[in-house]
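Structure, as structure tokens:
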Amino acid sequence: PENRMNDHKLLTISADVRDALASGQPVVALESSIIAHGMPYPVNVDTALQMEDLVRSHQAIPATIALLDGTLRVGLNREQFEFLGTKKDVWKVSLRDIPYVISRKLPGATTVAATMRIAHMAGIRILVTGGIGGVHRGAQSTMDISADLTELSQTPVAVVSAGVKSVLDVGLTLEYLETWGIPVVTVGQDQFPGFYSRESGFPSPLRLDEPGAIAHLLRVKWELGLQGAVLIANPVPAKDEIPFTEMEIVIRDAVAAAGKNRISGKQVTPFLLQFIAENTGGKSLKANVAAVKNNAILGATMARLLSDGERSRQLAGQ
Ligand code: PSU
Ligand code: MN
């Protein structure tokens with residue numbers, strides 16, 4: 001990729017991630033907004049560490065991304081996880097916040113959009129998250145559409161998710177993904193998943209059942225020079241899901257409460273997630289943890305397939 005800048009002073013890559021990238025080993029990028037703004041302590045830190053362990057036990061190197069001490073950090077240590085998970089004023093950093101937060105040397109946790117861009121700078125091609133941001137319910141009047149979507153349209157990093165955030169307008173988000181030329185692939189079922197539920201009520205634009213087939217699609221897309229990402233939707237495991245109709249009731253209440261409290265901008269997602277966790281007696285949090293761990297495993301598998309494919313092509317002299 002053209003804009004790799006892995007020797008830049010504003011980009012700090014941990015030693016294990018740097019070694020893995022240099023030797024062509026699989027690396028998986030992980031976002032940090034879910035730690036600072038998506039889950040309560042200590043579940044946030046525990047989950048982040050468990051995701052890293054799962055990536056490692058599936059033979060890939062994890063690289064959680066955040067902004068600390070005035071640099072973009074790729075690969076965090078234990079204290080840095082603890083810091084992001086406990087400190088109150090960690091910035092939620094989307095793409096547009098990067099220059100401000102770095103120039104002021106503020107601590108920042110990255111959304112999917114910012115994590116994708118930084119992963120690409122470092123040369124990482126697979127990112128794992130829970131649910132991506134997208135078109136919010138009522139976006140016809142609020143224009144609340146996440147920068148995750150525009151980022152997916154231009155940065156070549158595949159994003160493994162359990163669908164889009166359940167609080168969004170899933171139908172409008174799928175339309176937007178189509179407009180911007182972003183392939184959406186659901187693993188193993190015809191329906192696009194609904195994050196906490198395996199169902200969303202919408203068919204998936206594409207379905208592939210094998211990680212190998214998805215890796216092949218990624219290679220073809222990027223070999224053709226087609227810009228942007230692929231959204232991989234990996235349904236939450238059946239034993240951990242919350243039925244779609246049950247979730248919908250809570251989500252509608254959450255969206256109404258956000259409107260009533262005049263929550264706007266980047267506060268919207270954290271507000272809704274907290275409301276939902278409280279109003280499902282923690283069940284949503286459990287489903288969220290199960291989904292992201294499931295995604296970490298698929299992400300590691302995808303990263304390994306991509307790097308194995310490259311190595312065998314190099315050996316064949318192609
Ligand atoms: N989905 C979750 N928890 C989260 C997020 C999404 O279940 O914390 C975060 C992700 O980092 C995502 C971001 O990229 O919210 C989107 O925020 P916004 O809609 O403000 O762009
Ligand atoms: Mn928004």
Side-chain angles (χ1 to χ4, degrees), residues 29-41 43-45 47-48 51 64-67 84-85 90-98 108-119 127-153 155 157 159-170 172-173 176-177 193-197 200 229 231 233-234 236 240 242 247 250-251 254-255 258-259 263-277 280 283-295:
L30 300 162
E31 60 134 320
S32 51
S33 178
I34 192 167
I35 305 172
H37 315 105
M39 292 181 184
Y41 184 80
V43 181
N44 54 359
V45 175
T47 304
M51 286 173 79
T64 303
I65 292 178
L67 276 54
L84 292 172
V90 175
W91 266 69
K92 178 176 164 187
V93 176
S94 190
L95 188 62
R96 70 169 181 177
D97 307 300
I98 293 175
T110 49
T111 64
V112 169
T115 311
M116 282 178 78
R117 187 66 69 96
I118 298 164
L127 184 156
V128 167
T129 182
I132 65 157
V135 182
H136 280 259
R137 300 175 191 210
Q140 297 90 329
S141 57
T142 63
M143 290 190 60
D144 189 352
I145 301 175
S146 175
D148 289 358
L149 296 183
T150 38
E151 191 62 20
L152 281 158
S153 74
T155 297
V157 172
V159 175
V160 180
S161 69
V164 301
K165 291 185 307 197
S166 60
V167 299
L168 301 174
D169 187 318
V170 177
L172 291 185
T173 303
Y176 195 103
L177 288 161
F195 191 69
Y196 297 115
S197 329
S200 69
L231 178 62
N234 188 29
V236 62
D240 302 303
I242 305 175
M247 257 341 278
V250 184
I251 291 166
V255 172
I263 309 292
S264 65
K266 63 183 182 177
Q267 316 307 339
V268 172
T269 293
F271 177 90
L272 295 174
L273 291 178
Q274 200 190 330
F275 184 100
I276 292 167
T280 56
K283 246 165 66 176
S284 66
L285 183 57
K286 268 181 68 187
N288 194 345
V289 169
V292 294
K293 284 162 76 173
N294 190 42
N295 294 345

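Indexing begins at 1, ligand by ligand and atom by atom, following the structure's order. The basis for the numbers below is simple: all heavy atoms, side chains too, and nothing from hydrogens, waters or symmetry mates. In what follows, residues are counted from 1 in the order of the sequence shown.
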- re atom 19 (O) of ligand 1, the protein heavy-atom contact at minimum distance is Lys165 NZ, 2.8 Å
- Item | Distance filter under 4.0 Å to Thr111 heavy atoms, resulting ligand 1 atoms | 11 (O), 14 (O)
- Query: Looking at atom 15 (O) of ligand 1, what's its closest protein heavy atom, distance included?
  - Reply: Thr269 CG2, 3.8 Å
- Query: Would you say the side-chain atoms of Arg137 pair up with the backbone N or O of Val167, donor to acceptor, closer than 3.5 Å?
  - Reply: yes
- Message: Does any N or O of ligand 1 fall below 3.5 Å from an N or O anywhere on Glu31, backbone included?
- Response: yes
- Task: Give the numbers and elements of all ligand 1 atoms closer than 4.0 Å to a heavy atom of Lys92.
- Result: 17 (O), 18 (P), 20 (O)
- What distance do Asp148 atom CG and Ser33 atom OG have between them, rounded to the nearest 0.5 Å? 9.0 Å
- Query: What's the shortest heavy-atom distance between Ala258 and Leu272, and which atoms?
  - Reply: CB-CD2, 3.8 Å
- Interatomic distance, Thr150 atom OG1 to Ile145 atom CD1 [nearest 0.5 angstrom]: 9.0 Å
- Item | Under 3.5 Å: N/O of Gly133 near N/O of ligand 1 | no
- Check whether any N or O atom of Ile132, backbone or side chain, sits under 3.5 Å from an N or O atom of ligand 1, and answer yes or no. no
- Task: Find all atoms of ligand 1 within a distance of less than 4.0 Å from any non-hydrogen atom belonging to Phe195, and give their numbers and elements.
- Result: 7 (O)
- Item | For Asp148, atoms of ligand 1 separated by under 4.0 Å from a heavy atom | 12 (C), 14 (O), 16 (C)
- What atoms in ligand 1 come closer than 4.0 Å to a heavy atom of Ser33? 11 (O)
- Query: Which atom, among the N/O/S set of Asp144, is closest to the Mn ion (ligand 2)?
  - Reply: OD1
- With side chains defined as the heavy atoms from C-beta onward, is the minimum distance between Thr269 and Lys165 less than 4.5 Å? yes
- Message: Are Thr111 and Lys266 packed together at the side-chain level, in the sense that at least one heavy-atom pair is separated by less than 4.5 angstrom?
- Response: no
- For Glu31 and Thr129, does a side-chain donor sit closer than 3.5 Å to a side-chain acceptor? yes
- Message: Need the ligand 1 atom indices (1-based, order shown) with element for anything under 4.0 Å from a heavy-atom of His136.
- Response: 19 (O)
- Item | Residue pair Leu172 / Gln140, side-chain heavy-atom distance below 4.5 Å | yes
- Taking only heavy atoms of Ser146 into account, list the atoms of ligand 1 that are under 4.0 Å away from them. 18 (P), 19 (O), 21 (O)
- Query: Between atom CD1 of Ile132 and atom OG1 of Thr173, what is the distance when rounded to the nearest 0.5 Å?
  - Reply: 7.0 Å
- Pick one of side chain, backbone, both or neither for how Leu273 approaches ligand 1, counting any non-hydrogen atom pair under 4.0 Å. side chain
- Query: How long is the gap from CD1 on Ile98 to OG1 on Thr110, to the nearest 0.5 Å?
  - Reply: 8.0 Å
- Task: Looking only at protein heavy atoms, identify the closest one to atom 8 (O) of ligand 1 and say how far it is in Å.
- Result: Gly38 CA, 3.5 Å
